[in-house]
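All residue numbers refer to positions in the sequence shown, counting from 1. Below, all heavy atoms of this structure are taken into account, side chains as well, without hydrogens, waters or symmetry copies.
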Amino acid sequence: MSGGWERARGSRSRPTRDSSSGLRMSSRTATLGNVQPQAPGHRTIYCNDRDANLRVRFKGNSISTTKYNFFTFFPKGLFEQFRRVANCYFLMISILSMTPISPVNPVTNVVPLTLVLLVSLIKEAFEDWKRFQNDMVINNTLIDLLQDEKWVAVPWKKLQVGDIIRVKQDGFFPADLLFLASTNADGVCYVETANLDGETNLKIRKALERTWDYLTPEKAAEFKGEVQCEQPNNSLYTFTGNLVFQKQTLPLSPNQVLLRGCSLRNTEYIVGAVVFTGHETKVMMNSMNVPSKRSTLERKLDKLILALFGTLFMMCLIGAIGSGIFINRKYYYLGLDKGVAAEFNPSNRFVVAALTFFTLITLYSTIIPISLYVSIEMIKFIQSTQFINKDLHMYHAETNTPALARTSNLNEELGQVEYIFSDKTGTLTRNLMEFFKCSIGGEVYGSGVTEIELGGAQRNGIKVQELRKSTTAIQEKGFNFDDHRLMRGAWRNEPNSDSCKEFFRCLAICHTVLPEGDESPEKITYQAASPDEAALVTAAKNFGFFFYRRTTTMIYVRESHAEKMGKIQDVAYEILNVLEFNSTRKRQSVVCRYPNGRLVLYCKGADTVIYERLAGGNDDLKKVTRSHLEQFGSAGLRTLCLAYRDLSPETYESWNEKFIQAKSSLRDRETKLDEVAELIEKDLILIGSTAIEDKLQEGVPACIEILSRAGIKVWVLTGDKMETAINIAYACNLINNEMKQFIISSETDAIREVENRGDQVEIACFIKEEVKKELTKYLEEAQHYLHSAPEPKLTLVIDGKCLMHALDPTLRVMLLNLSLNCTSVVCCRVSPLQKAQVTSLVKKGARKITLSIGDGANDVSMIQAAHIGIGISGLEGMQAVMASDFAIAQFRYLTDLLLVHGRWSYLRICKVITYFFYKNLTFTLTQFWFTFQTGFSGQRFYDDWFQSLYNVIFTALPVIIVGLFDKDVSASLSKKYPELYREGIRNVFFKWRVVVTWACFSVYQSLVFYHFVIASSASGKNSSGRMLGQWDISTMAFTCVVITVNLRLLMICNSITRWHYISVGGSILAWFIFIFVYSVLRENVFFVIYVLMSTFYFYLTVLLVPIVALFGDFIYLGIQRWFFPYDYQIVQEIHRHELEDNTSAGLLDVGSQLAPQEGTSHAMAPLSREISRHSGFAFESPGYESFFASEQGIHAPQKPWDVLLAAVATVMLVLILLVGALESGATKMTTRTQTVLDRVAQDDLKHHEELIGRDQKLVYNPELDLNFVMNKRKVPNGPDPIHNRRAGNSRRPPGRA
């Protein structure tokens, strides 16, 4: 069931709200069940009254997360596909190919487009079918519905708003429910919200006391109430409403609401009323897409496509102009009389040129590869699902968490990241809080030394001896405190024992923790909203104030030594009000009543917030405690201040009335509650402060150092104090003493003095002016340092107040310029919004590729603002993961994700794109050169099916294999030499220079293919002595193209696997199999390949032309590698004689820690084993070393000329063997085969003579036409191939000579 919820939550549907229903609902009704017009601000629900709710037409509880339905699949699916510009282009080409002006058969363009669309639609249909099946499982799950005073099992989809239902233990809530009653005492139930936010700790929910009795079906049938609540929204943690019941209005809060998708725990069953159903539930309204992101490489690909459009336009324009110039009636044998068609009429050259332009567009349409997008999508999908998700180096065995690629669109973007924005808590640190030190009444307790203090001492050259634990020290999760003055009741002997008692009681009472298990200190476990709270309650337990039970109104604490040494007593504290913590308040308060009637407000929160609310006096205590806070912050500890206030009954009653009114408000309830809280959270008495240690994650300093060497700049954006943030940065190797630090802080004497005057306008203006001065000064210093001889590293530290003003449009540019000159930046005391603003500043202002990484809900905006968002699967829930593009368990896994998978993906995609560009341009240019020989008439050079299957079959698979398996260096070398990553940051492999280089080789090779084959075939004859025709020549040229472009792919491979051999060999073999079959079936190429293969000329051409075509590439690659090498090629040379590192042994150890099913999934090796070394040339062999040197055991490094001579020798040997084999094969040809070939040639000639008088498609080359007239008895192979633009086309000028 939970798996179904995971899939439902991750769906791509966008539920909509029925706004019309809100217009029909009323805010007040005179009589229950009588529907009144309702205000659009909220809705009214009648519990247990379907007839009354039916008139309002609330949405049903059935959900659909599918993208399509039966009627919308094809129109909507095709619309999604044609949103791509390239697909629209191919659609236009396909339409043009169906017109009379097209020289090619429509199948040439329609078939590839149809295949691409079909594959995409099948993929969409498969994914949508899985969503549909998941929806059916969820909608048909059974739930107990109250009908006729008994529980009846019905499917979820049949529930309606207002129904009364029963949910049993471990069951899921089928809709958003109003909690009415529970089998637990005091109307309490326990809820797990893992499907909403990923948090596994249990939450307590409490029903209103007036509804506790409605538990049995007979009693529940009597319940008639009216719920007035907010309209459906996506806020998971808020709910505003009232229950009008028995002429009373009772305020409702999130504590009385059970959300769909959550599950019931530790409770036999509960009874609830349905409030929101189906797509109006909060979980479904949160089921929205992560913002769509496109990689930078993909956007640059769009520019390349536009460049190809421009090239296509110029080629067609040249052909159109040439056609207009060339056409002339002086070529009398072409039959250009007055009755000729418009496209060949010399009297209207403009029309001829215009029609030729569109003709050539269809002819040259292959210049833009239709299969490029499909191939890239396939490659990225496999990279994500098979390589990233199954990489055991990124698998965290302790939490059983693998890496997760939530999108495959950004794989190559991982190889170009220049800026990383990181949260601190839970991202750089473990988020495993331990109570470490405290300050009570001006005295510091705790004797430990933190990791950060050890790191600071080491930087300063100070040797710190590790302190031994005392005998009184207690080792427990969340508690790492050691001080005999407080343990085992020793605090009673302290001079500030009363403060200690208040301190411990505050820890034990002021929280929202739920105890679980036996009520004994050894066996109890605490379910807390945050690790901090659990650590504080655990500390209270170890100090002798054991919190062991909680009800909705009471907290039970077992106090040891509170009144006198050795006395243990259970004390029940009545909880009157809880003022909860949020990011705005930054504090939490509890109003409680002692058994003796004492009323106390306990408050804990951030030091800045608590100090603003302290009563006058006790200045010495405040000053000492502040110094302790700074001391704790310098040690990297998380601090909270504790305070209390005694309340008189009159004061409390007066305040409580206002609190109840605010709590009952339907509008702006949260704001009103905050305002009421301000009235009582004042005149506080400071008790002390706590210091909690959050240790660094394993491997964080080493990871940041490697990323820094890779050219990546890491910024830390945290809500902690400046001292804590700086020390964490030191511990992470983000800052060191050799760096020049620029610190912009609002904690200066001048700013404090202005703040004490209290004028907010003056404060804002003054801080802004100070920030401007600091930015100007530091920017000048940075420019000076950058021009100095040893360029020092710079770092910027800025706090939230100053950052707010620095982000002002007038100062934003200065902040950006200063930040970009710094190696690292630390922003402290920043809000979630500021995190996103800083990320967007670099992303949009500097146009650098950014990555944000975080683990909490407060990091979501930052994650979505960056190019790439990384979520840490930590202890703060799954909201960051749900909003991210990739999810990992530890910060250190960024090394593998970026330097290995990211860099490989970038290299592979770059090769795939440039190779597609090369092979299609090469193929199209051969057709372009042929246009000059045909008077720019648009005569096609290749058969239609050759053109159609070129991208789809004959060259498709090898490039996908390269996109999956090509590796320049191994994973270990990628991390050993992180500087290799800088090539991705500079985008070395997809610059216009690289594209132009490939284009030059395309021009060269296309000229070789065309002119070598054409020129050498001028006197070529088949075995019957007849000259070769167009289809013979074009088939031979196409064979050369297929062989060459596939072999050229091997030359760019850095490593070769068996899949490379299979794909390249299979593609070439597929061409020969196809032509063997096709030439028997197709009229214009009838038996062409058999005729060609009977000649020695064919074999010589197929062998020599690819060699000549690739010779220039070979020379270029050799010169580039030996004289202008890339960084990875240098590393290849350093490690060329080392075997590929095999880490499978290490992976087996990790795999052994998995569960059986997980071990099966994760133990599979994602990459195939390589059988060649990373030599740089895929066809290079280890045998090129000197034979005699190797015999003596001496290493002889390769020289360029050794490689060249060996390659030439190999080619000559292959030539000799082939020639011998061909001559032998020719002499063994049977008489029957020769007879068949002669008969075929005679039939072709006869058929040609029959067609001589027919209306043929015009070809403008007079030389070829005269040759035809003079030598028409020698023309082979069916209808005149050189003079036939498109067989069967009737639009030809009459009167051929």
Side-chain angles (χ1 to χ4, degrees), residues 4 6-16 62-98 106-139 278-279 284-285 287-295 298-299 301-302 305 365-366 368-385 405-411 885 909 912 916 948-949 951-953 956 960 963:
E6 289 294 334
R7 294 188 294 272
R9 190 177 64 247
S11 72
R12 300 178 63 180
S13 66
R14 291 181 176 267
T16 57
S62 176
I63 65 164
S64 174
T65 61
T66 58
K67 191 175 180 180
Y68 311 99
N69 59 37
F70 180 79
F71 298 102
T72 64
F73 175 71
F74 278 104
K76 190 174 179 182
L78 291 174
F79 172 76
E80 290 290 332
Q81 295 304 315
F82 287 111
R83 289 174 65 181
R84 287 180 171 170
V85 178
N87 284 344
C88 290
Y89 163 77
F90 291 117
L91 178 63
M92 180 192 71
I93 295 298
S94 299
I95 294 172
L96 278 177
S97 67
M98 297 179 185
V107 72
T108 304
N109 296 296
V110 173
V111 168
L113 178 62
T114 304
L115 287 176
V116 168
L117 294 178
L118 185 62
V119 170
S120 300
L121 289 176
I122 289 174
K123 172 177 170 288
E124 289 285 326
F126 177 72
E127 292 178 351
D128 221 42
W129 176 254
K130 291 194 295 184
R131 296 189 196 106
F132 174 75
Q133 289 180 315
N134 178 57
D135 293 342
M136 293 298 292
V137 170
I138 292 176
N139 288 332
H279 286 288
M284 292 306 298
M285 298 197 77
S287 299
M288 295 187 179
N289 289 332
V290 176
S292 178
K293 297 180 180 180
R294 295 181 67 206
S295 69
E298 192 173 344
R299 288 193 291 269
L301 174 59
D302 291 342
I305 296 295
S365 61
T366 53
I368 298 175
I370 189 171
S371 58
L372 172 61
Y373 289 102
V374 175
S375 301
I376 289 178
E377 280 188 4
M378 188 184 304
I379 290 168
K380 288 183 178 181
F381 177 76
I382 297 175
Q383 285 175 349
S384 299
T385 56
R406 291 172 50 82
T407 178
S408 60
N409 294 336
L410 305 173
N411 294 356
D885 305 303
I909 297 300
V912 168
F916 259 101
S948 300
L949 300 181
N951 279 310
V952 178
I953 294 180
I960 293 176

Pairing residues for Ser371 by the side-chain hydrogen bond (donor to acceptor under 3.5 Å, both in side chains) criterion, not counting sequence neighbours: none
Any side-chain heavy atom of Tyr373 within less than 4.5 Å of one from Val116? no
Applying ring pair (Phe, Tyr, Trp, His ring centres under 6.0 Å), can you list everything that pairs with Phe74, at least two apart in sequence or on another chain? none
What's the spacing between Ile93 CD1 and Thr366 OG1 if we round to 0.5 Å? 10.0 Å
Non-neighbouring partners of Thr72 that pass side-chain hydrogen bond (donor to acceptor under 3.5 Å, both in side chains), sequence neighbours left out: Asn69
Is it true that a side-chain atom of Lys76 and a backbone atom of Lys67 form a donor plus acceptor pair closer than 3.5 Å? yes
With Ile960, which residues qualify under side chain to side chain contact (heavy atoms under 4.5 Å, CB included), at least two apart? Ser375, Met378, Ile379, Leu964
Residue set satisfying ring pair (Phe, Tyr, Trp, His ring centres under 6.0 Å) with Tyr89, at least two apart, ordered chain then number -> Phe309
Going by side chain to side chain contact (heavy atoms under 4.5 Å, CB included), name the residues that satisfy it together with Ser295, two or more places apart in sequence or in a different chain. Leu297, Glu298, Lys380, Leu410, Glu412, Glu413
Can you name the side chain to side chain contact (heavy atoms under 4.5 Å, CB included) partners of Ile953, sequence neighbours left out? Leu949, Ala1070
Side-chain touch Ile909/Asn411, heavy atoms, less than 4.5 angstrom: no
Side chains of Leu372 and Leu301 in contact at under 4.5 Å (non-hydrogen atoms): yes
For Ser62, check side-chain hydrogen bond (donor to acceptor under 3.5 Å, both in side chains) against everything at least two apart and list the hits. Asn139
Identify, with sequence neighbours excluded, every residue that meets side chain to side chain contact (heavy atoms under 4.5 Å, CB included) alongside Phe82. Leu78, Asn87, Cys88, Leu91, Leu117
From CA spacing to verdict: side chain to side chain donor-acceptor pair (under 3.5 Å), Asp135, Thr66: CA-CA 8 Å; Asp135 293 342; Thr66 58; 4.9 Å; no
Partner residues of Tyr68 under the ring pair (Phe, Tyr, Trp, His ring centres under 6.0 Å) criterion, sequence neighbours left out: Phe73
Go through Trp129 and Phe132 one step at a time and tell me if the ring-ring contact (aromatic ring centres under 6.0 Å, His included) criterion holds. CA-CA 5 Å; Trp129 176 254; Phe132 174 75; 5.4 Å; yes
